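Here is the structure we will look at, set down as structure tokens.
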Amino acid sequence: MDSLLVRGGILVTMREGDQPRRGDLLVRDGRIAALGGELTAPPGVPVLDGRGRAVLPGLVQAHVHLNQTLFRGAADDLELLPWLRERIWPLEAAHDADSVYWAALLACAELLRGGTTWVASMETVHHTQAVLAAVEHAGLGAVVGKALMDRGEGVPKGLLQDPQEAVAEAAALHDAWNGRGGGRLRVAFCPRFALSCSSELFALVREAAARRGALVHTHAAENRRETALVRRLTGMGNVAYLDSLGLTGPRLMVAHAVHLEEAEVGLLARTDTRVVHCPTANLKLGSGIAPVAGLLDAGVTVALGADGAPCNNNLDAWAELRLAALLQKVAVGPAALPARRALPLVAREGARALGLAEEMGTLEPGKRGDLCLVELEGVHQEPAGDEWSRLVYATRAADVVATVVGGEVLCLGGQLTRLDERRIRREARRAFRRVAVRARMGS
């Protein structure tokens, strides 16, 4: 684990009630040792210049699909179910371990350049070990799980598994990988969504995850047609159905939650089930606008995520943050999600969603040295004013000066320190050509 001193930055701690303030921040052996005022760098500890820059906890994206990064631009202008059946599932079925590895590294490079330090990623059914290996090499933190599917219209045979076999594979991944990388790697159980998972599969997931204290990461209530089909099959809304299976609670992360029934908002709040809002994906697939302000008012933990590259088409946490705030102004009113309320969604609330609030998400002594340094003196951010406003409404991924995980600088001045970006881009192009041919989509 590494150490460093950030000198003279604007500390945005994300702690309740804290205001941005100037000061130093010291990371020693991978953990925040001290912050505020002027600190002395121990001998040999590198110093980062924080002047004119915001120092934030590393950004957390609580719903992505790293393996889908190869499919950027290959599934545009479709609604959710055709998007899955005609493009994404055939492409995922054509993946091999090599293509999954380079897809994940391509994603890691983009994420690190934009200040994201942790993700929760649902992968495809096979080759999830390749994703874990890529993330371990890249240096960022991740909660990763293989997709679990045992039924569903349009699902390729290669993505369907017997429920017992599927959950046994997911459990084996957890037992082999959880806690590796100095604690940076965690493994979750990821039943894809109600239309591709039987009640037997969900029950096995519930039991296996509970035994291991693992997260369950799924999709729900994303699209009107999907939600109507779930009601036809189960007689319930998406979230109510998950609750009937005993899955709701603080270890469940539900991606999207756009089309909730009124009682389901209260259900999410009562059970402390976590929601991940993916605003760009919801717009690009024509799914709608999630009731984020109402969920927050009810006390639900809401995090942010870019979802996958083929329904976004980037992995930029700053774009998700800005859009999340703006959409609530349209859906509810201009004051529904002000900048000071929105900013924590991309760090503190993301850490809570991942069950890691004691480890990260705020700047305070003892927490992980996961940081994001952001330039605040760009022409699109001047003149200087409210830091909350500048960060939420004006900042973009290109403004990130440094991304730090566990005290190790993984990106500085737009340059990745562990990864060879040119090679990753070259190998990703090569891998996609092979996958597209196998999926019979051409090159």
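Just so it is clear, the model here is predicted, and its values are computed rather than measured. Counting from 1, the numbers follow the sequence of the chain as shown.
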*asked:* Suppose we screen for ring-ring contact (aromatic ring centres under 6.0 Å, His included). Which residues come up paired with H277, at least two apart in sequence or across chains?
replied: none

*asked:* Taking salt bridge (charged side-chain N to carboxylate O under 4.0 Å, His left out) as the definition, give me every residue that meets it alongside D399, ordered by chain and number, with sequence neighbours left out.
replied: none

_Among residues at least two apart in sequence or on other chains, which ones pass salt bridge (charged side-chain N to carboxylate O under 4.0 Å, His left out) with E261?_
R231

_Would you say that more than 12 heavy atoms from the other residues, nucleotides or ligands in this model lie under 6.0 Å from the CZ of R423, or not?_
no

*Please indicate whether R113 has more than 12 foreign heavy atoms, meaning atoms of other residues, nucleotides or ligands, lying under 6.0 Å from its CZ.*
no

*If you draw a 6.0 Å radius around CZ in R225, do more than 12 non-hydrogen atoms from other residues or ligands fall strictly inside?*
no

*Go through the structure and list residues passing side chain to side chain contact (heavy atoms under 4.5 Å, CB included) with P250, not counting sequence neighbours.*
D272, R274

*Taking everything shown except R7 itself, do over 12 heavy atoms lie less than 6.0 Å from its CZ?*
yes

*With A331, which residues qualify under side chain to side chain contact (heavy atoms under 4.5 Å, CB included), at least two apart?*
I289

*asked:* Test: ring-ring contact (aromatic ring centres under 6.0 Å, His included). Region: residues 96-132. Which pairs qualify, not counting sequence neighbours?
replied: none

*Could you tell me which residues satisfy salt bridge (charged side-chain N to carboxylate O under 4.0 Å, His left out) with R180, sequence neighbours excluded, listed by chain and number?*
E136

*asked:* Tell me whether R53 is salt-bridged to E377, with the criterion being a basic N under 4.0 Å from an acidic carboxylate O.
replied: no

*asked:* List the residues meeting side chain to side chain donor-acceptor pair (under 3.5 Å) with E123, not counting sequence neighbours, and say none if there are none.
replied: N67, S121

_Does anything in residues 71-94 form a ring-ring contact (aromatic ring centres under 6.0 Å, His included)? List the pairs, not counting sequence neighbours._
F71-H95

*Given side chains that start at C-beta, do those of V143 and L215 come closer than 4.5 Å, heavy atoms only?*
yes

_What I want to find out is whether D77 reaches R87 closely enough, with some N-O distance under 4.0 Å, to be called a salt bridge._
no

*Considering residues at least two apart in sequence or located in another chain, which fulfil the salt bridge (charged side-chain N to carboxylate O under 4.0 Å, His left out) criterion with R340?*
D386

*Taking side chain as C-beta onward, heavy atoms only, is L56 less than 4.5 Å from L371?*
no

_Quick test of your reading of the model: are R434 and D96 salt-bridged, counting only N-O distances below 4.0 Å?_
yes

*Using 4.0 Å as the upper bound for N to carboxylate O, is an ion pair formed by E358 and K367?*
no

*What pairs meet the ring-ring contact (aromatic ring centres under 6.0 Å, His included) rule with one or both residues in residues 248-271, with sequence neighbours excluded?*
H63-H256, H219-H256

_Qualifying ring-ring contact (aromatic ring centres under 6.0 Å, His included) pairs with a residue from residues 356-415, counting only residues at least two apart or across chains_ = none

